[in-house]
**Student:** 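Please see the structure below; I have some questions.
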Amino acid sequence: MDTPAAPTPPLLQLDDVQMHFPVREGLFLRSTRSCRAVDGVSLQLRAGETLGLVGESGCGKSTLGKCIVRLHQPTAGRILFEGTDLAALGQAALKPWRRHLQMVFQDPVESLNARHTVGEIVAEPFVIHGEGDARERRERVLGLLDKVGLPAAAADRYPFEFSGGQRQRIGIARALALRPRLLVCDEPVSALDVSIQSQVLNLLLELQRELGLSYLFIAHNLAVVKHVSDRIAIMYLGRIVELAPADALYAAPRHPYTRALLSAIPRPDPRGTRERIVLQGDVPSPINPPSGCPFHPRCPHATDRCRVEAPALRPAPGHPDHTVSCHLDL
């Protein structure tokens, strides 16, 4: 009898990751409270997979992405990349791992150094990691520009000479320079025109097929995330409230917050009807989050239990790959 193959370990695993920023107040700017931007996130990302991360502005999506690539040092928790806890590494030990995790930023203007040519920007990772001489770096830069759909002449121009979509292609080329295994894409198309968004999304999908990349795709637009994601995690006030395969999440959302987000997606058919769920109130402050379930002040189904007990992220009945953080079996 054949022994069943052991499950493949995830490329990336987050265990109870927290990122709390101190809030300094008073005459002496003492830290008396903290802003819980990320408040205990556990996730897994498999090799070759795209995991969408969705939520309202201020929910902690971008902060979590920056923790993963160690632009922030997490307050607590583990960030396991191929089994190594990146959160426990110092800067010197972390440097060899940085080549495997890169980030594509939201703003293609602010993320590029206006004083450097495109060639210098894309070649900078080679310089930092000591790869190749000047001629080899130039050749690799031209190859990367070609891969993202830019001409060789772009290498000698400056970022301000390009459109927003072209600048984002430059950012993608820079992120690909060291042949990473994981790209954290922080709202990579939200600052672009709709017509350009589809071009950049298609480029990312093509690069994933060609290079075997894994993506953490951060966005607030559920329609965009559905187009690129294998699984989707919904984030609210620093916590994951629902996680499921993309098709299952859109077909049968379990969490009231997810249902409200999906109801806001415009329908292309004006004759179609959908009940619009309008949430009352504002998102609570992560400095003073509510007790119990963080969503209960805005939830139309909240009970007394929701106000005092925070629900755990658990599998939905009959759906082991669909987890939800809610006391109610909706």
Side-chain angles (χ1 to χ4, degrees), residues 13-19 36-45 51-61 63-64 77 216-226 229-267 272-330:
Q13 178 173 326
L14 309 182
D15 291 335
D16 195 28
V17 174
Q18 301 174 33
M19 186 68 236
R36 302 179 180 181
V38 178
D39 201 20
V41 170
S42 297
L43 285 174
Q44 291 187 353
L45 177 64
L51 175 63
L53 184 61
V54 180
E56 294 173 285
S57 296
C59 73
K61 308 184 301 297
T63 300
L64 180 62
L216 177 67
F217 195 94
I218 299 170
H220 62 269
N221 188 332
L222 272 164
V224 169
V225 173
K226 182 182 180 182
S229 300
D230 299 300
R231 292 185 301 141
I232 297 175
I234 306 296
M235 195 169 184
Y236 184 81
L237 208 64
R239 304 181 187 180
I240 302 299
V241 297
E242 188 164 6
L243 173 65
D247 292 340
L249 186 107
Y250 281 82
R254 300 274 180 166
H255 198 280
Y257 179 60
T258 308
R259 293 182 174 184
L261 291 178
L262 290 175
S263 75
I265 299 177
R267 281 182 174 267
T273 59
R274 175 192 288 161
E275 179 185 0
R276 177 72 169 93
I277 301 174
V278 180
L279 298 176
Q280 302 299 317
D282 297 323
V283 180
S285 170
I287 299 175
N288 187 26
S291 60
C293 174
F295 186 62
H296 88 258
R298 306 174 71 196
C299 180
H301 307 286
T303 65
D304 290 340
R305 182 186 181 190
C306 302
R307 296 179 178 89
V308 297
E309 181 183 342
L313 194 65
R314 56 187 173 86
H319 300 275
D321 57 348
H322 191 151
T323 55
V324 61
S325 176
C326 186
H327 292 306
L328 307 175
D329 293 328
L330 298 174

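Bear in mind that the values here come from a model prediction, so they are computed numbers and not experimental data. Numbering of residues begins at 1 and proceeds along the displayed sequence.
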**Student:** What closest approach, in Å, do L222 and L261 show between heavy atoms, and which atom pair accounts for it?
**Tutor:**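 Where L222 meets L261 most closely, the heavy atoms are CD1-CB, 3.4 Å.
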**Student:** Do you know which two heavy atoms are closest between I240 and A233, and how far apart they sit?
**Tutor:**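 Distance-wise, the nearest heavy atoms are CD1-CB, 4.1 Å.
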**Student:** Could you grab the distance from atom CG of L53 to atom CZ of R231, nearest 0.5 Å is fine?
**Tutor:**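 If we round to the nearest 0.5 Å, L53:CG and R231:CZ are 11.5 Å apart.
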**Student:** Closest heavy-atom contact between Q18 and G40?
**Tutor:** CG-N, 3.5 Å
**Student:** Answer yes or no: is there a side-chain heavy-atom contact under 4.5 Å between V324 and T258?
**Tutor:**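 Heavy-atom side-chain distance check fails, nothing below 4.5 Å.
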**Student:** Taking only residues two or more places apart in sequence or in another chain, which ones pass salt bridge (Lys or Arg N to Asp or Glu O under 4.0 Å) with D15?
**Tutor:**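 Checked D15 against salt bridge (Lys or Arg N to Asp or Glu O under 4.0 Å); matches are R78.
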**Student:** When rounded to the nearest 0.5 angstrom, what distance separates SG in C299 from NE2 in H255?
**Tutor:** 7.0 Å
**Student:** Would you name the heavy atoms of L237 and P286 that are closest together and state the gap between them?
**Tutor:**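 Minimum heavy-atom separation between L237 and P286: CD1-N, 4.2 Å.
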**Student:** Look only at the side chain of K61 and the backbone of G55, and say whether a donor-acceptor pair between them is shorter than 3.5 Å.
**Tutor:** yes
**Student:** Taking the side chain as every heavy atom from C-beta outward, state whether V283 and C59 have any pair of such atoms under 4.5 Å apart.
**Tutor:** no
**Student:** Only counting residues at least two apart or in another chain, list the ones meeting ring-ring contact (aromatic ring centres under 6.0 Å, His included) with Y257.
**Tutor:**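 Per chain and number, Y257 pairs via ring-ring contact (aromatic ring centres under 6.0 Å, His included) with Y236, F295.
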**Student:** How far apart are the closest heavy atoms of A251 and P253, and which atoms are they?
**Tutor:** C-CD, 3.8 Å
**Student:** Looking at T63 and M19, what are the two nearest heavy atoms and their distance?
**Tutor:** CG2-CG, 3.7 Å
**Student:** Could you list all the ring pair (Phe, Tyr, Trp, His ring centres under 6.0 Å) pairs where at least one residue sits in residues 304-326, not counting sequence neighbours?
**Tutor:** none
**Student:** Could you tell me which residues satisfy side-chain contact (heavy atoms from CB on, under 4.5 Å) with S229, sequence neighbours excluded, listed by chain and number?
**Tutor:** T50, V225, I232
**Student:** Side chains of residues 305-318: which donor-acceptor partners sit under 3.5 Å, not counting sequence neighbours?
**Tutor:**
unit_1	atom_1	unit_2	atom_2	d
R305	NE	E309	OE1	3.2
R305	NE	H327	ND1	3.4
R305	NH2	E309	OE2	3.4
R307	NH1	T303	O	3.1
R307	NH1	D304	OD1	3.2
R314	NH2	C326	O	2.8

**Student:** For V17 and L43, what are the C-alpha separation, side-chain angles and deciding distance, and is it a side chain to side chain contact (heavy atoms under 4.5 Å, CB included)?
**Tutor:** CA-CA 9 Å; V17 174; L43 285 174; over 6 Å; no
**Student:** According to salt bridge (charged side-chain N to carboxylate O under 4.0 Å, His left out), does anything in residues 239-250 pair up with another residue at least two apart or in another chain? List the pairs.
**Tutor:** D39-R239
**Student:** Could you grab the distance from atom OG of S325 to atom CZ of R254, nearest 0.5 Å is fine?
**Tutor:**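 If we round to the nearest 0.5 Å, S325:OG and R254:CZ are 14.0 Å apart.
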